[in-house]
Amino acid sequence: MLDIKLIRSNPDYVKEGLKKRNSKVGIDEILKLDEERRSLIAESEQIKSKQNADSKQIPILKKEGKDVSAIMSEMKQLAEKTKLLDVQVKEIDDKISAILLTIPNIPNEKVVYGESDEDNVEIRKYGEPRNFSFEPKPHWVIGEEKGILDPSAAGKVTGTRFTFYKGMGARLERAIMNFMMDVHSNEHGYTEVLPPYMVHRNSMIGTGQLPKFEDDAFKVYGTDFFLIPTAEVPVTNYHREEILDAKDLPIKYCAYSACFRAEAGSAGRDTRGLIRQHQFNKVELVKFADPKNSYEELESLTNDAEDILKKLDLPYRVVRLCSGDLGFTSAMTYDIEVWMPSYGKYVEISSCSNFETFQARRAGIKFKRNINDKPEFVHTLNGSGLAVGRTTAAILENFQQEDGSVTIPEALVKYMGTEKI
RNA sequence: GGAGAUGUACCCAAGUGGCUGAAGGGUCCGGAUUCGAAAUCCGGUAGGUCGGUUCUGCCGGCGCUAGGGUUCAAAUCCCUACAUCUCCGCCA
């Protein structure tokens with residue numbers, strides 16, 4: 001959510017920023033409503049001030065034995081008037097916030113204009129895609145041949161875009177999860193969190209999944225809960241409606257969770273394999289940072305995610321998303337893309353973003369520099385550290401051998417208890 | 001799922017319709033005492049948010065878990081929701 005005061009005081013800056021996203025939103029309408037709102041508030045508060053002063057007289061006059069019926073009936077009229085005004089203010093408030101909730105974040109100035117992921121800017125590359133001396137198989141073929149991935153059983157039990165992992169496949173997924181959590185909590189200084197997998201509507205609004213993207217989420221029938229699309233939602237909302245202490249910043253959490261996405265609108269894409277599932281595992285990194293150094297925190301968060309790929313010897317590159325590919329809530333995002341032989345290209349495995357105050361304002365997450373200072377909104381950041389299913393896929397594909405086996409990256413051997421599968 | 005209790009500021013806590021935006025503690029800040037400190041004593045502040053403004057201040061609205069309602073007037077009465085605790089039931 002953008003700051004209404006920013007829109008009020010500098011509408012051209014806001015419009016300019018949103019133009020990058022080709023977003024046509026009602027800034028002018030907001031300005032009009034805002035003005036209307038403030039004039040109604042002024043009127044209502046003036047009356048209330050009189051009400052408060054005058055009704056204090058009532059008990060005093062009563063005590064003196066005077067007649068208060070005249071003043072009481074006058075107060076009644078005032079009360080009716082303010083009630084009416086307050087209803088109008090509420091209506092306008094609702095309209096304003098409904099619009100505000102659908103306005104995307106303003107991109108950081110470093111974010112270049114672009115239409116699609118084609119225009120993303122490559123920042124750096126690590127490792128080289130392997131030259132296979134044989135025809136490499138896609139991970140879904142490896143998975144089927146080795147009996148470690150079974151999407152058709154999941155189709156029978158649940159439906160499309162679900163997978164059973166089995167035997168060494170299930171163990172590999174679990175090994176990767178544990179490895180990632182250990183690295184982030186032991187080496188990178190994140191506090192481990194295991195969050196709820198369901199959240200209520202306000203949490204989804206807080207991190208920006210709602211109200212605009214309700215079709216992408218799974219709603220739990222008969223409740224007001226949503227299945228989390230990412231641990232970002234519960235973990236960021238962990239500090240909702242709080243005022244944090246500046247000396248505790250940055251606060252850093254890592255969380256494993258299953259993630260649930262309806263994937264509305266991606267019918268026919270990535271239909272095979274682990275790339276696009278309704279349910280997948282992910283380790284998420286979340287930071288609450290001082291606005292003064294949040295972009296440094298974004299760099300280090302991205303590095304923390306990259307470190308996993310380095311330790312696993314997987315080739316990857318980092319791109320900065322252009323405005324057209326940037327998520328609704330983000331001011332700036334680095335995608336980390338791992339080399340996926342079956343796709344013949346780099347595929348997203350992590351998305352690391354700085355939301356600046358966009359989520360903090362929605363979720364009410366503030367901090368104070370000093371005890372007597374006014375609270376300010378924190379900057380929230382997050383990134384996958386990493387998507388586990390896609391990591392499994394990348395390992396199966398990148399480390400497959402001609403004889404059909406898959407060697408296990410050194411760092412995972414102790415978690416797997418074997419050097420190859 | 002059933003029954004009951006509770007929800008007041010940073011923490012504890014008083015308060016059943018009007019002079020209570022909130023007693024009293026604690027915390028915190030300043031001072032006295034002391035070589036210094038502890039203890040003690042004196043004094044002071046009370047969070048947040050939305051408006052206005054002649055803007056490092058001042059004025060006003062809201063605000064006693066949240067949302068509604070009754071009333072000229074609500075922390076106080078009524079309704080709903082949520083959370084916490086205790087007991088019962090069920091259960092990994």
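Order of the sequence lines fixes the chain letters, A, B, ..., with proteins taken first and strands second; residue numbering starts at 1 for each chain. Since we're looking at a predicted model, the values are computed, not measured.
- In this structure, CD of Gln88(A) is placed 22 Å from P of C50(B), rounded to the nearest angstrom.
- Between Asp224(A) atom CG and A83(B) atom P the separation is 12 Å, expressed in whole Å.
- Heavy atoms of Met72(A) sit under 4.0 angstrom from at least one base atom.
- One interatomic measurement links the two molecules: CZ of Phe377(A) to P of U49(B), which rounds to 8 Å at whole-angstrom precision.
- Checking the phosphate oxygens (OP1, OP2) of U49(B), a side-chain nitrogen or oxygen of Lys366(A) falls inside 4.0 Å.
- Nucleotide U49(B) holds its P atom 11 Å from the CD atom of Glu241(A), rounded to whole Å.
- If you measure from atom CG of Leu78(A) to atom C1' of A73(B), you get 13 Å, rounded to the nearest angstrom.
- For G51(B), the OP1/OP2 oxygens have a side-chain nitrogen or oxygen of Arg8(A) closer than 4.0 Å.
- With Tyr190(A) as the aromatic partner, Lys252(A) meets the cation-pi criteria of under 6.0 angstrom to the ring centre and within 45 degrees of the ring axis.
- Ranked by how close their nearest RNA chain B nucleotide is to the 5' end, Lys90(A) and Asn52(A) are led by Asn52(A).
- If you check every strand for non-hydrogen atoms under 4.0 Å, Arg201(A) touches nothing.
- The interatomic distance linking Gln46(A) (CD) with G60(B) (P) rounds to 13 Å, in whole Å.
- Between the His239(A) side chain and the Leu244(A) main chain, no donor and acceptor come within less than 3.5 Å of each other.
- Between Glu187(A) and Lys311(A) there is a salt bridge, since a side-chain N of the basic residue sits under 4.0 Å from a carboxylate O of the acidic one.
- Defined by atom type and a distance below 3.5 Å, a donor-acceptor pair is missing between the side-chain atoms of Thr207(A) and Glu232(A).
- Using a 4.0 Å cut-off between charged nitrogen and carboxylate oxygen, Glu263(A) and Arg161(A) do not count as a salt-bridge pair.
- For the pair Tyr165(A) and Leu149(A), the minimum side-chain heavy-atom distance is below 4.5 Å.
- Look at CD on Glu45(A): it is 6 Å from C1' on G60(B), rounded to the nearest Å.
- Lys83(A) comes within contact range of the sugar-phosphate backbone alone, with a heavy-atom separation under 4.0 Å but no base atom that close.
- Picking from C72(B), G52(B), G48(B) the nucleotide with the shortest atom distance to the side chain of Ala79(A) gives C72(B).
- You'll find the side chain of Pro151(A) reaches within 4.5 Å of the side chain of Thr163(A), heavy atoms only.
- Residues Ala42(A) and Ser49(A) both approach RNA chain B. Their nearest nucleotides, taken by heavy-atom distance, put Ala42(A) toward the 5′ side.
- Candidate nucleotides G51(B), C19(B), C72(B) were compared by shortest atom distance to the side chain of Ile60(A), and C19(B) ranks first.
- With respect to the salt-bridge test (charged N to carboxylate O, under 4.0 angstrom), the residues Lys90(A) and Asp86(A) do not qualify.
- A donor-acceptor contact under 3.5 angstrom links the side-chain atoms of Lys62(A) to the base of G18(B).
- When rounded to the nearest whole Å, the span between CD of Glu74(A) and C1' of A73(B) equals 14 Å.
- Note on Lys48(A): every side-chain N or O is 4.0 Å or more away from OP1 and OP2 of G51(B).
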Return one dot-bracket line describing RNA chain B 5' to 3' (Watson-Crick or G-U wobble pairs, both distances under 3.5 Å; ( ) same strand, [ ] crossing, | another strand, . none).
((((((((.[[[..)..(.....]]].(((((.......)))))...((((((...))))))..[[[[[..)....]]]]])))))))....
